[in-house]
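Here's the structure, in structure tokens; my notes come after.
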Amino acid sequence: VLRDGVFDCVVISPGPGTPEHAEDIGVCLSLLKEMNNMPIFGVCLGHQALAFAEGGSVVHAPEAVHGRVSKIRHNSHALFADIPSGDDYEVVRYHSLVVDESS
């Protein structure tokens with residue numbers, strides 16, 4: 001899918017969809033299986049695809065989270081540069097699928 005040395009990293013973005021449906025995930029599963037040494041960051045569907053490519057299962061969440069406001073904290077890693085953290089930083093979450101922890 002990609003040639004080594006062309007990219008420093010890959011970000012696989014949110015859906016919609018599920019990694020179980022090829023039309024939702026496109027070439028991303030091939031990329032995950034081929035790019036063993038590439039840093040990959042998965043967001044939502046991208047995170048699910050990371051697990052699915054390694055044999056994990058994506059299942060319905062015990063409770064759908066649609067439009068729920070949550071306060072976010074992070075560890076100040078460079079990945080989160082310029083993103084606020086703490087009691088004053090609220091985001092809206094939307095998800096109904098999760099990676100099954102037992103898979």
Side-chain angles (χ1 to χ4, degrees):
V1 174
L2 296 175
R3 292 180 313 217
D4 284 335
V6 176
F7 297 95
D8 294 326
C9 62
V10 174
V11 175
I12 302 177
S13 67
T18 174
E20 296 169 337
H21 298 137
E23 63 273 11
D24 294 341
I25 197 64
V27 301
C28 294
L29 286 180
S30 296
L31 180 140
L32 290 171
K33 292 176 182 178
E34 292 175 21
M35 304 304 287
N36 297 332
N37 296 318
M38 175 73 63
I40 299 174
F41 182 67
V43 179
C44 195
L45 177 61
H47 176 77
Q48 296 166 12
L50 284 163
F52 186 74
E54 294 296 323
S57 298
V58 177
V59 298
H60 288 278
E63 177 185 358
V65 178
H66 296 169
R68 185 172 302 163
V69 176
S70 298
K71 294 179 180 183
I72 298 296
R73 295 176 189 261
H74 57 75
N75 63 4
S76 300
H77 185 277
L79 177 68
F80 304 110
D82 300 322
I83 297 176
S85 176
D87 290 338
D88 295 330
Y89 187 57
E90 294 182 332
V91 299
V92 177
R93 295 187 300 148
Y94 175 92
H95 63 82
S96 58
L97 300 173
V98 296
V99 175
D100 183 348
E101 290 183 49
S102 67
S103 64

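Keep in mind that what you see is a predicted model, and the values were worked out from it rather than measured. The figures that follow rest on heavy atoms only: side chains count, while hydrogens, waters and symmetry mates do not.
- Heavy atoms of other residues, nucleotides or ligands lying less than 6.0 angstrom from OH of Tyr94 number 12 at most.
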Stepwise, does the side-chain contact (heavy atoms from CB on, under 4.5 Å) test hold for Leu32 with Ile12? CA-CA 10 Å; Leu32 290 171; Ile12 302 177; 3.8 Å; yes

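- Ile25 and Ile40 fall within a single hydrophobic cluster, where Ile, Leu, Val, Met, Phe, Trp and Tyr are joined by side-chain heavy atoms under 4.5 Å apart, directly or via other members.
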List the atom pairs, with distances to 0.1 Å, where a side-chain N or O of residues 41-69 and a protein N or O form a donor-acceptor pair under 3.5 Å, not counting sequence neighbours.
from: Glu63; atom 1: OE2; to: Arg68; atom 2: NH2; distance (Å): 2.6

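- Listed by first then second residue, pairs satisfying salt bridge (charged side-chain N to carboxylate O under 4.0 Å, His left out) with a partner in residues 9-31 number zero, not counting sequence neighbours.
- Atom CD in Glu90 sits 8.5 Å away from atom OG in Ser70 (nearest 0.5 Å).
- Linking Ile, Leu, Val, Met, Phe, Trp and Tyr whenever their side-chain heavy atoms come within less than 4.5 Å puts Val11 and Leu79 in one cluster.
- Evaluation of the side chain to side chain donor-acceptor pair (under 3.5 Å) test over residues 72-82, restricted to residues two or more places apart or in two chains, returns Arg73-Asp87.
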